[in-house]
Amino acid sequence: MADPKGFMTTPREEYPRRPVEERVRDWNEVYVPGALLPIISKQADRCMDCGVPFCHEACPLGNLIPEWNDLVSREDWRAASDRLHATNNFPEFTGRLCPAPCEAGCVLAINQPAVTIKNVEVAIADRAWEEGFTPPRPPDRLSGRTVAVIGSGPTGLAAAQQLTRAGHTVAVYERADRIGGLLRYGIPAFKMEKRHLDRRLDQMRAEGTKFRTSTTIGRDIAAAELRARYDAVVIAVGATAWRELDVPGRELGGIHQAMEYLPLADRVCEGDLEVSPLSAAGKHVVIVGGGDTGADCLGTAVREGAASVTQLDIYPLPEAERDEDTEPWPTYPKIYRLSAAHEEARDLETAPAADADARLFAASTLRFTGDATGRVRSLHLVEVDAGRRPVPGSGRTLPADLVLLALGFSGPDRHDGLIDQLGLTLDPRGTIARDADFATNVPQVYVAGDAARGQSLIVWAIAEGRAAAAAVDHALTGAPSLPAPIGPYDRPMTA
């Protein structure tokens with residue numbers, strides 16, 4: 001604890017964002033380049049090094065947060081990088097994309113703004129790359145065992161890297177043309193530029209991990225054939241079966257799932273397309289769904305030059321502070337948060353009729369209406385009460401040339417044939433069932449991440465990959481050697 005009084009003398013200061021008018025004209029990350037390092041040591045000083053650091057419990061990775069805060073405050077970046085990477089394979093991802101449940105669990109957050117844990121994390125990760133503190137770590141010797149990982153999102157990549165470093169020969173199979181899963185085709189570049197992903201993949205290749213793109217298991221390779229090739233298979237395909245909106249007019253043209261829309265914008269940034277075929281340019285856009293995916297659609301539509309963008313959230317407008325009775329510390333509270341995309345929409349007034357920034361809260365979609373060509377032109381909605389019952393007389397109509405459904409995901413996609421070909425058992429939620437060792441009902445086949453847990457956060461995805469890798473390594477070698485931060489039945493802290 002470098003400054004015992006830091007939490008009393010230093011106010012919270014966050015990574016500054018670039019001006020809205022500047023950043024919406026490009027796809028670069030929203031933050032001011034180089035602006036974090038001058039402030040981060042003082043911010044790390046705010047860590048109390050409390051006797052029971054609840055930030056550990058709030059983060060499924062078990063990140064050693066007080067330790068690397070202390071090291072950053074002393075500007076020992078190499079040691080800070082070592083402590084950070086001891087529990088997290090990809091801190092440059094989580095430092096940009098995670099909503100930071102660790103900060104909600106910060107003891108300082110009981111009565112003050114929490115330590116900027118997420119900002120400290122990304123500062124360490126970026127400094128580690130700049131200073132060469134993250135060289136490839138190939139194994140000293142190979143085990144002679146082979147593992148196939150299906151899916152290259154954060155769960156699959158974490159499992160693959162852990163197993164490769166343990167000495168196993170690992171191949172990652174990805175159905176898309178590039179590695180990364182939703183990190184590649186789902187997360188907009190303004191939240192995380194893909195160079196961070198590419199740099200980490202280069203490290204993994206140097207360590208020995210093999211990657212197979214444009215390969216759908218169940219179609220291009222039969223699931224049983226893949227299983228026969230390898231000593232173990234880890235399924236990390238995510239939860240990509242999107243939820244539908246069953247209302248009149250859903251069949252109209254111009255209504256798309258968020259995950260049909262976002263990957264096309266990423267492909268424009270990758271140089272595959274000049275313009276997205278679903279571009280929001282000049283259109284009145286309505287996003288149905290109030291979560292992070294909806295916010296990603298919002299920021300994307302703003303950058304594409306939409307005429308207007310409104311986001312509908314069925315939940316009521318959250319309070320600015322946590323409700324200690326229903327969401328006590330250290331749980332992650334549902335409070336009003338202003339993401340970069342919402343800040344942009346607010347300043348640019350993309351939705352003048354919205355309750356706050358671009359959002360209409362307590363709003364439920366009733367139906368869509370279209371024109372003579374069969375394309376959507378209007379969305380009809382109604383305000384709902386706390387029980388989601390319509391409020392009489394609250395109906396309204398929004399212009400809508402493009403509607404994006406961001407309603408979450410129910411489980412893994414079954415269209416590829418992987419689940420049925422292997423004969424995997426599903427649980428009542430539609431996710432893949434597993435036992436306490438991450439093993440499915442099929443011998444030598446394991447499952448990790450959202451495919452089994454259900455839709456979750458990137459820190460849970462990486463923790464799942466690390467824990468599943470530990471289970472596979474134990475099964476292959478007969479001795480535990482890899483860390484397992486969580487069990488398959490662990491869940492976030494709730495009241």
Side-chain angles (χ1 to χ4, degrees), residues 239-262 278-302 304 306-319 334 336-337 339 341-342 345-346 348-411 429-430 454-455:
T240 56
W242 50 59
R243 294 191 176 98
E244 262 297 346
L245 184 62
D246 186 15
V247 298
R250 171 61 182 90
E251 74 283 354
L252 292 168
I255 304 174
H256 300 275
Q257 290 284 347
M259 292 313 299
E260 294 175 308
Y261 171 73
L262 291 172
L278 298 183
S279 174
K283 297 176 182 176
H284 295 288
V285 180
V286 180
I287 302 161
V288 183
D292 288 342
T293 301
D296 292 344
C297 292
L298 173 63
T300 299
V302 167
E304 290 179 337
S308 70
V309 193
T310 305
Q311 184 179 6
L312 308 184
D313 192 333
I314 200 167
Y315 292 100
L317 176 64
E319 298 294 332
K334 185 175 177 58
Y336 177 74
R337 294 179 173 87
S339 72
H342 292 118
R346 180 198 65 188
L348 298 175
E349 298 182 346
T350 70
D355 297 325
D357 46 76
R359 287 173 278 189
L360 279 173
F361 289 93
S364 178
T365 303
L366 294 176
R367 67 184 185 278
F368 303 107
T369 53
D371 58 20
T373 68
R375 293 195 60 81
V376 66
R377 288 292 176 257
S378 300
L379 181 148
H380 305 265
L381 62 90
V382 65
E383 183 181 345
V384 293
D385 61 19
R388 298 191 180 179
R389 295 176 294 265
V391 176
S394 64
R396 69 170 79 179
T397 301
L398 298 178
D401 306 314
L402 176 63
V403 175
L404 302 172
L405 306 180
L407 302 170
F409 306 90
S410 59
R429 301 174 303 154
Q455 184 179 345

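Keep in mind that what you see is a predicted model, and the values were worked out from it rather than measured.
- Between G370 and L252, the closest heavy-atom pair is N-CD1, 3.5 Å.
- A distance of 11.0 Å separates CD1 in I255 from CD in E260, rounded to the nearest 0.5 Å.
- Taking the side chain as every heavy atom from C-beta outward, L312 and L398 approach each other to under 4.5 Å.
- The salt bridge (charged side-chain N to carboxylate O under 4.0 Å, His left out) pairs that include a residue from residues 280-297 are K191-D296, where partners are two or more places apart or lie in different chains.
- The nearest pair of heavy atoms linking E304 to A280 is OE1-N, 2.8 Å.
- The OH atom of Y261 sits 5.0 Å away from the OG1 atom of T300 when rounded to the nearest 0.5 Å.
- Under the side chain to side chain contact (heavy atoms under 4.5 Å, CB included) criterion, A358 pairs with L298, A345, T350, A351, sequence neighbours left out.
- Checked against salt bridge (Lys or Arg N to Asp or Glu O under 4.0 Å), R429 has the following partners two or more places apart in sequence or in another chain: D427.
- Partners of T293 under the side chain to side chain donor-acceptor pair (under 3.5 Å) rule, at least two apart in sequence or in another chain, do not exist in this structure.
- For the atom pair D355 CG and Y336 OH, the distance stands at 10.0 Å (nearest 0.5 Å).
- Taking the salt bridge (Lys or Arg N to Asp or Glu O under 4.0 Å) definition, one finds that R389 meets it with D385, sequence neighbours left out.
- The salt bridge (charged side-chain N to carboxylate O under 4.0 Å, His left out) pairs that include a residue from residues 360-376 are D371-R377, where partners are two or more places apart or lie in different chains.
- With sequence neighbours excluded, no residue forms a side chain to side chain donor-acceptor pair (under 3.5 Å) with Q455.
- How far OG1 of T240 is from CE of M259: 9.0 Å, rounded to the nearest 0.5 Å.
- For S378, the side chain to side chain contact (heavy atoms under 4.5 Å, CB included) criterion is met by T369, H380, T397, not counting sequence neighbours.
- Between atom CG of residue L262 and atom CG of residue L404 there is a gap of 7.5 Å, rounded to the nearest 0.5 Å.
- For the side-chain contact (heavy atoms from CB on, under 4.5 Å) with H284, the lone residue among V376, D401, T310 that qualifies is D401.
- Minimum heavy-atom separation, A363 to L381: CB-CD1, 4.4 Å.
- In this structure L366 satisfies the side chain to side chain contact (heavy atoms under 4.5 Å, CB included) test together with V382, sequence neighbours excluded.
- A239 pairs by the side chain to side chain contact (heavy atoms under 4.5 Å, CB included) definition with F409, D450, not counting sequence neighbours.
- For the atom pair CG (L348) and CG (D357), the distance works out to 12.0 Å, reported to the nearest 0.5 Å.
- Residues that satisfy the side chain to side chain donor-acceptor pair (under 3.5 Å) test with S394, not counting sequence neighbours, are absent from this structure.
- The side-chain heavy atoms of W242 and L405, taken from C-beta on, include no pair separated by under 4.5 Å.
- Residue L379 comes nearest to A400 through the heavy atom pair N-CB, 4.1 Å, listed as atom of the first residue, atom of the second, then distance.
- Minimum heavy-atom separation, I287 to A406: CG2-CB, 4.4 Å.
- Q311 places a side-chain N or O within donor-acceptor distance of the main-chain N or O of G289, the cut-off being under 3.5 Å.
- For the pair R337 and R359, the tightest heavy-atom approach, listed with the atom from each and the gap, is O-NH2, 2.9 Å.
- With hydrogens and angles ignored, the 3.5 Å screen pairs no side-chain donor or acceptor of D313 with any backbone N or O of F361.
- With sequence neighbours left out, the salt bridge (Lys or Arg N to Asp or Glu O under 4.0 Å) criterion links E244 to R250.
- Q257 places a side-chain N or O within 3.5 Å of a backbone atom of R243 that can act as its donor or acceptor partner.
- Put simply, the side chain of E383 never gets that close to the backbone of V391: no donor and acceptor are under 3.5 Å apart.
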